[in-house]
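Values below: every heavy atom of this structure, side chains too, minus hydrogens, waters and symmetry copies. The shown structure was predicted, so the numbers you read here are calculated from the model rather than taken from an experiment.
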Amino acid sequence: MIDPKKNPASAATGCEAQDKYSENHNSRCPLFPANGNYANHCRAVLGCLLPGRKVDQFSYHAETGLPLVDYRTRISNLRLEYHWPIDDEFHDTFDFNGEQRRVKRYWLNQDAMSLLFKRYPGFKDRCAMFMEQGGRKDG
């Protein structure tokens with residue numbers, strides 16, 4: 001279930017989601033993590049989310065090879081510090097030992113991203129360049 005307190009845009013659908021995203025995020029364009037102790041980890045998480053996939057901590061680790069212990073913290077950083085519209089839900093998956101786990105998976109809210117692309121034309125190009133460069137710092 002999506003928690004509307006964490007991401008108000010996820011509680012609504014369609015145009016209503018876009019309106020809620022606008023009023024709750026002050027029309028801010030999301031920022032790309034550039035510097036700081038955890039910027040590389042945030043960039044790796046964002047690199048997994050931008051193609052539109054739903055990513056949990058295990059699929060993130062399998063794709064990047066980075067430790068999964070800070071994964072949820074970096075999701076929180078992207079939401080709160082960098083203003084990315086990230087939705088989440090619980091799902092069942094298997095860990096590295098083959099044991100079933102119930103974990104959250106995350107993805108970018110597509111309605112909010114479409115609104116951002118319309119509002120900030122250069123933002124779509126930045127996202128494409130970021131994906132092309134695989135989330136590296138020079139993106």
Side-chain angles (χ1 to χ4, degrees):
M1 176 174 245
I2 297 169
D3 184 353
K5 292 178 185 172
K6 287 184 181 175
N7 192 350
S10 64
T13 58
C15 295
E16 186 178 282
Q18 292 176 358
D19 292 340
K20 286 186 182 290
Y21 180 79
S22 296
E23 66 188 48
N24 289 309
H25 288 82
N26 298 322
S27 303
R28 297 175 89 173
C29 186
L31 304 172
F32 289 87
N35 299 312
N37 294 336
Y38 51 83
N40 287 339
H41 202 159
C42 283
R43 292 175 71 79
V45 172
L46 186 56
C48 292
L49 296 175
L50 269 173
R53 295 189 309 262
K54 292 184 176 186
V55 182
D56 65 33
Q57 61 193 19
F58 298 112
S59 60
Y60 167 74
H61 175 73
E63 183 174 331
T64 66
L66 292 170
L68 53 86
V69 299
D70 290 338
Y71 176 70
R72 291 180 309 201
T73 302
R74 300 309 154 226
I75 290 286
S76 181
N77 293 135
L78 288 168
R79 279 179 172 156
L80 301 174
E81 295 176 34
Y82 298 105
H83 314 290
W84 286 89
I86 299 173
D87 287 339
D88 61 64
E89 69 184 1
F90 280 99
H91 82 118
D92 295 316
T93 190
F94 293 94
D95 67 11
F96 304 121
N97 298 320
E99 294 182 34
Q100 190 166 2
R101 303 281 182 196
R102 186 156 181 82
V103 298
K104 277 190 178 180
R105 63 180 167 189
Y106 302 88
W107 67 93
L108 291 172
N109 179 299
Q110 294 304 308
D111 291 332
M113 290 298 288
S114 295
L115 178 66
L116 289 165
F117 292 154
K118 288 177 188 170
R119 185 171 292 146
Y120 305 102
F123 180 63
K124 188 172 188 173
D125 296 334
R126 293 257 349 252
C127 290
M129 187 183 342
F130 186 90
M131 285 190 302
E132 190 176 290
Q133 295 178 343
R136 292 189 320 262
K137 187 175 181 181
D138 55 342

Atom [atom1] of [X] and atom [atom2] of [Y]: how far apart are they, to the nearest 0.5 Å?
| X | Y | atom1 | atom2 | value |
| --- | --- | --- | --- | --- |
| Ile75 | Asp70 | CD1 | CG | 12.0 Å |
| Arg74 | Leu49 | CZ | CG | 14.0 Å |
| Asn109 | Ser114 | CG | OG | 8.5 Å |
| Gln57 | Leu66 | CD | CG | 13.5 Å |
| His41 | Thr64 | NE2 | OG1 | 6.5 Å |

With side chains defined as the heavy atoms from C-beta onward, is the minimum distance between [X] and [Y] less than 4.5 Å?
| X | Y | result |
| --- | --- | --- |
| Leu46 | Leu78 | yes |
| Asp111 | Leu115 | no |
| Lys118 | Leu116 | no |
| Asp87 | Trp107 | yes |
| Thr93 | His91 | yes |

(request) Taking the six-membered ring for Trp and the single ring otherwise, decide whether the centroids of Trp84 and Phe32 are under 6.0 Å apart. (result) yes
Of all residues at least two apart in sequence or in a different chain, which pass the side-chain hydrogen bond (donor to acceptor under 3.5 Å, both in side chains) check with [X]?
| X | value |
| --- | --- |
| Asp92 | Arg102 |
| Tyr71 | none |
| Ser59 | Asp56 |
| Arg72 | none |

(request) Specify the closest pair of heavy atoms between Pro30 and Pro85, including all atoms of both residues, with the distance to one decimal. (result) CG-CD, 4.2 Å
(request) Indicate yes or no for a side-chain donor-acceptor contact from Arg43 to the backbone of Pro33 under 3.5 Å, with no hydrogens or angles considered. (result) yes
(request) Look only at the side chain of Asp95 and the backbone of Asn97, and say whether a donor-acceptor pair between them is shorter than 3.5 Å. (result) yes
(request) Mind checking ring-ring contact (aromatic ring centres under 6.0 Å, His included) for Tyr82 and listing every partner two or more places apart, or none if nothing turns up? (result) none
(request) Using the test ring-ring contact (aromatic ring centres under 6.0 Å, His included), find all partners of Phe117 that sit at least two apart in sequence or belong to another chain. (result) Phe123
(message) side chain to side chain contact (heavy atoms under 4.5 Å, CB included), that's the test. Do Val55 and Tyr106 meet it? Break it down for me.
(response) CA-CA 5 Å; Val55 182; Tyr106 302 88; 5.7 Å; no
(request) Could you pull out all residues at least two apart from Phe96 that satisfy side-chain contact (heavy atoms from CB on, under 4.5 Å)? (result) Phe58, His61, Leu68
(message) The criterion is side-chain contact (heavy atoms from CB on, under 4.5 Å); which residues satisfy it with Glu81, sequence neighbours excluded?
(response) Tyr38, Asn77
Apply salt bridge (Lys or Arg N to Asp or Glu O under 4.0 Å) to [X] and list each qualifying residue two or more places apart in sequence or on a separate chain.
| X | result |
| --- | --- |
| Lys124 | none |
| Glu63 | Arg53 |
| Asp125 | none |

(request) Answer yes when Arg105 and Glu89 have at least one side-chain N-carboxylate O distance shorter than 4.0 Å, and no when they do not. (result) yes
(request) State yes or no: do Met131 and Met113 share one hydrophobic cluster built from I, L, V, M, F, W and Y residues joined by side-chain heavy-atom distances below 4.5 Å, directly or via other members? (result) yes
